[in-house]
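Values in this document were obtained by computation on a predicted structure and should not be read as measured data. First listed ligand is number 1; within each ligand, the first listed atom is number 1.
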Amino acid sequence: MNRSTIRFVIGLSVMLLIGLVSTQIYWVRNAYQLQESQINYDITKALKRVAQQILLANSDSTQLYDPIEQVTPNLFKVRIRETIQPYYLETLLANEFKKEEINLLFEYHLYDCFNDSVVFKKLVQLDQQNNKFESKTPEMNWDNDAHYFSVFFPNKKSKLLEQFDFWIISSVILLFIVLFFGYTIWIILKQRRLSEVKTDFINNMTHELKTPISTISLSAKVLLKPDIIDNPERLKNYASIINLENERLHQQVEKVLQIATLEKEKVDLVKEQINVHELIDQAVNTIQLIIKEKGGGVTSDLAAKNATINADRVHISNVLSNLLDNANKYTPGNPLITISTKNEKKGILISIEDNGIGIPKKALKIIFDKFYRVPKGDVHDVKGFGIGLHYVKVMIDYHKGKIEIKSELNQGTTINIYLPF
Ligand code: ATP
Ligand code: MG
């Protein structure tokens with residue numbers, strides 16, 4: 001799939017999802033509002049009838065014009081001017097609410113119309129089993145005259161939401177679909193990036209291999225000339241060029257092998273008793289020449305008394321050469337590298353310290369990611385594939401060891417590796 005098709009598919013799907021989610025929100029809101037206005041209508045109807053019955057009981061023939069006022073979503077005031085007995089009112093309310101099937105907890109308040117103060121209040125709940133209302137508060141003394149009343153429903157909203165099971169479940173399912181979709185997109189983009197990086201890698205690697213091959217071929221042609229025998233100095237020169245380029249080729253091939261190792265699901269380690277100090281000496285010897293050429297040096301301080309561990313010789317040596325290679329590559333001036341060891345409780349600690357460019361704090365978190373290289377704008381004067389540290393981390397994990405990087409920009413980097421015996 002090419003870039004624009006992917007973009008089109010993702011854009012379209014996002015739009016569809018947004019449409020779906022908005023429709024869901026719209027319907028849920030609508031359904032809730034409908035439910036709420038239905039219950040408000042039922043309550044108002046019941047209260048109106050209660051008011052009329054009170055009027056009737058007081059032989060008042062006034063025509064009630066809209067006596068119910070919904071003060072807040074949960075509070076309904078009934079504006080009449082009559083003498084009201086609380087228990088009579090409670091019976092009326094209970095009856096009318098039952099008729100309208102309003103099973104809500106409610107509190108009724110009785111007011112004195114001269115000073116608008118509450119003279120009586122009581123919390124009442126419908127008992128679902130025998131369909132009776134029962135009082136939830138202790139009796140309150142009642143000695144003042146009461147003239148109008150209000151009814152408060154403390155848990156009206158939560159009761160309404162209880163009837164929303166279907167909507168809640170469907171919204172949760174929708175949420176899962178959206179999350180799953182996001183996850184799929186993320187995977188697709190990640191795979192795409194990875195495949196781009198891989199293509200880059202193959203192009204780079206081919207280029208890197210071509211250079212030593214053509215140099216070797218040129219030098220060999222010179223060596224094949226018959227008169228080269230008469231010029232031993234030149235002969236030696238070209239032979240050493242071939243040797244050096246061959247070494248470079250060897251390193252490149254090693255890198256490809258390291259990547260191939262990482263591509264495997266599981267790496268089979270060939271474990272044996274190995275002496276870490278021996279491997280360090282070998283790795284230092286290989287890189288020493290290049291570092292000396294740059295005017296630097298490697299100091300070894302191998303203090304560990306016990307340097308024998310059970311590990312894979314090839315992989316541990318690759319780990320060491322990768323780290324020494326980085327210490328050298330990322331030190332522009334004269335690399336001064338120190339490699340030291342010491343024993344810990346159940347293993348050995350290897351430290352590699354350099355005085356190079358250091359690694360920015362932000363990059364430290366992702367430094368072990370496959371193909372990650374610290375960005376250097378457009379120009380990368382130091383060649384690499386971003387494989388080395390990833391390989392190192394994977395191998396240390398396979399050996400149940402630990403790796404830690406400390407770095408200060410423009411000061412240097414220290415890498416500590418712990419490997420168990
Ligand atoms: P290669 O796969 O050839 O090793 P690389 O050296 O670029 O390529 P890594 O060894 O994985 O890849 O290192 C990743 C990045 O971490 C490097 O590109 C570099 O920016 C940074 N880095 C690694 N070691 C050091 C170091 N000692 N000092 C400063 N930066 C370092
Ligand atoms: Mg490297």
### Query
In ligand 1, which numbered atoms sit nearer than 4.0 Å to a non-hydrogen atom of Val374?
18 (O), 20 (O), 21 (C)
#### Entry: Pairwise distance CD(Glu247) to OG1(Thr286) - rounded to 0.5 angstrom
7.0 Å
### Proximal candidate to atom 6 (O) of ligand 1 [heavy atom criterion; set Tyr372, Tyr330, Phe385]
Tyr330
### Query
At their closest point, which heavy atom of Ser171 faces which heavy atom of Val28, and how far apart are they?
OG-CG2, 4.1 Å
### Query
Backbone or side chain, does any N or O of Gly384 fall under 3.5 Å from an N or O of ligand 1?
no
### Task
With heavy atoms of Gly358 as the reference, note each atom of ligand 1 found under 4.0 Å away.
29 (C), 30 (N)
### Query
Is it true that Phe106 and Phe97 have ring centroids separated by less than 6.0 Å?
yes
### Task
Could you please tell me which protein N, O or S atoms lie under 2.8 Å from the Mg ion (ligand 2)?
Asn326 OD1
### Query
side-chain hydrogen bond (donor to acceptor under 3.5 Å, both in side chains): which pairs involve residues 385-401, sequence neighbours left out?
His315-Tyr391, Asn318-Tyr391, Lys393-Asp397
### Task
Report yes if some N/O of Lys329 lies less than 3.5 Å from some N/O of ligand 1; otherwise report no.
yes
### Query
Cation over ring, Lys345 on Phe421, under 6.0 Å and within 45°?
no
### Query
Is the ring centre of Tyr108 less than 6.0 Å from the ring centre of Phe149?
no
### Task
Scan side-chain atoms only and decide if Asp325 and Tyr330 contain a donor-acceptor pair under the 3.5 Å cut-off.
no
### Message
Would Asn322 count as a polar contact of ligand 1, with the cut-off being nitrogen or oxygen pairs under 3.5 Å?
### Response
no
### Query
Based purely on interatomic distance, does His390 place a nitrogen or oxygen under 3.5 Å from a nitrogen or oxygen of ligand 1?
no
### Query
Has ligand 1 got any nitrogen or oxygen that is less than 3.5 angstrom from a nitrogen or oxygen of Leu389?
yes
### Task
Can you figure out which of Leu364, Leu323, Ile367 has its heavy atom closest to atom 16 (O) of ligand 1?
Ile367
### Message
So is Gly386 touching ligand 1 or not, going by heavy atoms under 4.0 Å?
### Response
yes
### Polar atom proximity, Ile387 to ligand 1 (N or O, under 3.5 Å)
yes
### Query
Stepwise, does the ring-ring contact (aromatic ring centres under 6.0 Å, His included) test hold for Phe153 with Phe76?
CA-CA 9 Å; Phe153 301 92; Phe76 295 76; 5.8 Å; yes
### Query
Are any of the N/O atoms in Arg373 less than 3.5 Å from those in ligand 1?
yes
